[in-house]
Amino acid sequence: MKRRKQSMNFFYIPALVLMVLFVAYPFYEAVRLSFFSWNGYSPNQAFVGMKNYIRMFGDENFHTAFKNTLIYGFGCAFLQNVFALAFALLLNTKFRGHSVVRTVIYLPVMISGLIMGYIISFFVQFRGGVFNEILAYLQMAPIDWMADGHRGVWIIMLVNSWQYVGISMIIYIAGLQNIPTVYYEAAAIDGASVMARFKNITLPLIIPAMSTAVIQNIIGSLKLYDVIISLSEGGPGFSTHSLSTYISNQYFKAQNAGYSAAVGIFTFLFILVVSVLFTKYFTKKEVEL
């Protein structure tokens, strides 16, 4: 028995090696690098202590990226879950074209965020864009949709929300199908309205599905990178950057690898704290069947 247990432990070694090589060691290097001033390619690294972290608090571009990250993270999570739950409630009933509707909603998930950004750029570009062609047909002045940073942030948020709503929809459908029909039958006998059944049966019992969907959406959206790069590259200026794209900008364009690492560590800790808080919140709300 002991020999079998030792042989089973042997199978954990490759996974442990991969974890150390691709997670633990890069994280250690990022933490170490965040205390140095380095341009990303020179062999010389100057120790600067906490200066990179202190610099973040006075960096206006970092503040903009952080504010945008909050909008992307919580805005996308809100929209994705509201629409995903609505679609799941619709698709949890049988109607003609049920499979077609589900496929159409889920289809954008199969496209990479980078490609999705390039596709949307054909709609919002100033010259020859689909939206401006429609405005021209209506004899209205064209709009440079991505020229305004505030508008660009909301466009990116809407694009990301639309693209990934299908994943959350599938999670909610699974949660709805896990609710015993006997609860609804009993509520119908008692004369409960549709809204009462949703509030007192559906909503409490899909908390596990909601927890999975919300936390997944928040983590994914707080790390948003690809749609921003392909749609605006963080511009104009730094107005649509997220923390993820700002990290890339500081490392590769500004050649501030140490500062980039500090922003990366801050981003990691922030996402970790948000994830833990939301996990604890939903754990308290869960109801056993």
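The structure displayed is predicted, hence computed values, not measured ones. Residue indices begin at 1 and follow the sequence shown.
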Go through Tyr106 and Val101 one step at a time and tell me if the side chain to side chain contact (heavy atoms under 4.5 Å, CB included) criterion holds. CA-CA 9 Å; Tyr106 190 79; Val101 173; over 6 Å; no
Are side-chain N/O atoms of Tyr225 and Ser242 paired as donor and acceptor at under 3.5 Å? no
Are the side chain of Ser248 and the backbone of Thr245 linked by a donor-acceptor contact shorter than 3.5 Å? no
Say whether, by atom type as modelled, one donor and one acceptor occur between the side chain of Asn92 and the main chain of Ala88 under 3.5 angstrom. no
Result of checking Asn68, Asp59, Thr267 against Tyr246 for side chain to side chain donor-acceptor pair (under 3.5 Å): Asp59
How far apart are the closest heavy atoms of Pro108 and Val104, and which atoms are they? CD-O, 3.4 Å
Taking all non-hydrogen atoms of both residues, which atom of Ser244 and which atom of Leu224 are closest, and how far apart? CB-O, 3.7 Å
Would a distance-only check, ignoring hydrogens and angles, find a side-chain to backbone donor-acceptor pair under 3.5 Å from Asp148 to His150? yes
Phe36 six-ring face occupied by Arg32 cation (under 6.0 Å, within 45°): yes
Would you say that more than 12 heavy atoms from the other residues, nucleotides or ligands in this model lie under 6.0 Å from the CZ of Phe95, or not? yes
Name of the residue among Met157, Gln80, Met116 meeting side-chain contact (heavy atoms from CB on, under 4.5 Å) with Trp162: Met116
Would Asn132 and Trp145 count as a side chain to side chain donor-acceptor pair (under 3.5 Å) if you check the C-alpha gap in whole Å, the side-chain angles of each, and the deciding distance to 0.1 Å? CA-CA 9 Å; Asn132 281 343; Trp145 297 94; 3.3 Å; yes
Flag yes if Met169 and Leu158 sit in one hydrophobic cluster, no otherwise; membership is Ile, Leu, Val, Met, Phe, Trp, Tyr, and two members link when side-chain heavy atoms are under 4.5 Å apart. yes
Linking I/L/V/M/F/W/Y whenever any side-chain heavy atoms sit under 4.5 Å apart, do Ile218 and Trp154 land together? no
Closest non-hydrogen contact found for Gly149 with Ser239 is CA-OG, 3.3 Å
Between Phe126 and Ile143, is the side chain to side chain contact (heavy atoms under 4.5 Å, CB included) condition met? List the steps. CA-CA 6 Å; Phe126 183 71; Ile143 300 173; over 6 Å; no
Verify the ring-centre separation between Tyr251 and Tyr259: is it less than 6.0 angstrom? no
Test side chain to side chain contact (heavy atoms under 4.5 Å, CB included) on Thr240 and Tyr72 and set out the steps. CA-CA 10 Å; Thr240 59; Tyr72 295 142; 3.8 Å; yes
Whether the side chain of Ser34 engages the backbone of Ala262 through a donor-acceptor N/O pair (distance < 3.5 Å, no angle test) should be reported. no
Taking Asp144's backbone N and O only, do any of them form a donor-acceptor pair with Arg151's side chain (distance below 3.5 Å, no angle check)? yes
Might you point out which heavy atoms bring Thr283 and Thr279 nearest each other, and give the distance in Å? OG1-O, 2.6 Å
Decide if the gap between the ring center of Phe268 and the ring center of Phe27 is smaller than 6.0 angstrom. yes
In Å, rounded to the nearest 0.5 Å, how long is the span from CZ of Phe74 to CZ of Phe278? 5.0 Å
Is it true that Asn81 and Asn217 share a donor-acceptor pair across their side chains at a distance under 3.5 Å? yes
Flag yes if more than 12 heavy atoms outside Glu233 fall under 6.0 Å of its CD atom; otherwise flag no. no
Rounded to the nearest 0.5 Å, what separation is found between the NE2 atom of His241 and the CD atom of Gln250? 8.5 Å
Closest heavy-atom pair, Ala147 versus Pro236, reported as atoms and distance to 0.1 Å, is O-CG, 3.1 Å
Contact check, side chains of Val263 and Met56, non-hydrogen atoms, under 4.5 Å: yes
Should we count NE2 of His98 as having more than 12 external heavy atoms under 6.0 Å? yes
Please report the interatomic distance CD1(Ile119) to OG(Ser112), rounded to the nearest 0.5 Å. 8.0 Å
Establish whether Tyr164 and Ile115 are linked, either directly or via other cluster members, by ILVMFWY side-chain heavy-atom contacts under 4.5 Å. yes
Closest non-hydrogen contact found for Ile173 with Arg102 is CD1-CD, 4.4 Å
Taking Tyr172 as the starting point, is it possible to reach Phe198 by hopping between hydrophobic residues whose side chains are less than 4.5 Å apart? yes
When clusters are formed by joining ILVMFWY residues with side-chain heavy atoms under 4.5 Å apart, either directly or through shared neighbours, do Ile201 and Met195 land in the same one? no
Is Asn256 close to Arg55 at the side-chain level, that is, under 4.5 Å between some pair of heavy atoms? yes
Count the heavy atoms belonging to other residues, nucleotides or ligands that lie under 6.0 Å from CZ of Phe282, then report whether that count exceeds 12. yes
CG of Leu85 to CE of Met210, rounded to nearest 0.5 Å, is 6.0 Å
Let me see the working for Val124 and Leu231 under side chain to side chain contact (heavy atoms under 4.5 Å, CB included), right down to the final yes or no. CA-CA 9 Å; Val124 299; Leu231 195 54; 4.1 Å; yes
Using 30° and 60° as the class limits, which term best fits the ring planes of Phe266 and Phe66: parallel, tilted or perpendicular? perpendicular
Ring pair (Phe, Tyr, Trp, His ring centres under 6.0 Å), that's the test. Do Phe57 and Phe62 meet it? Break it down for me. CA-CA 8 Å; Phe57 295 102; Phe62 170 79; 7.4 Å; no
Compare all side-chain heavy atoms of Ile171 with those of Gln216 and state whether any distance is below 4.5 angstrom. yes
For a 4.5 angstrom cut-off between non-hydrogen side-chain atoms, does Arg197 reach Asn200? no
State the CG-CZ distance between Leu91 and Phe87, to the nearest 0.5 angstrom. 8.5 Å
Just checking Tyr184: does its OH atom have more than 12 heavy atoms from other residues, nucleotides or ligands closer to it than 6.0 angstrom? yes
Phe270 atom CZ, neighbour heavy-atom count above 12 within 6.0 Å: yes
Between CG of Asn39 and OG of Ser42, what distance do you get to the nearest 0.5 Å? 5.0 Å
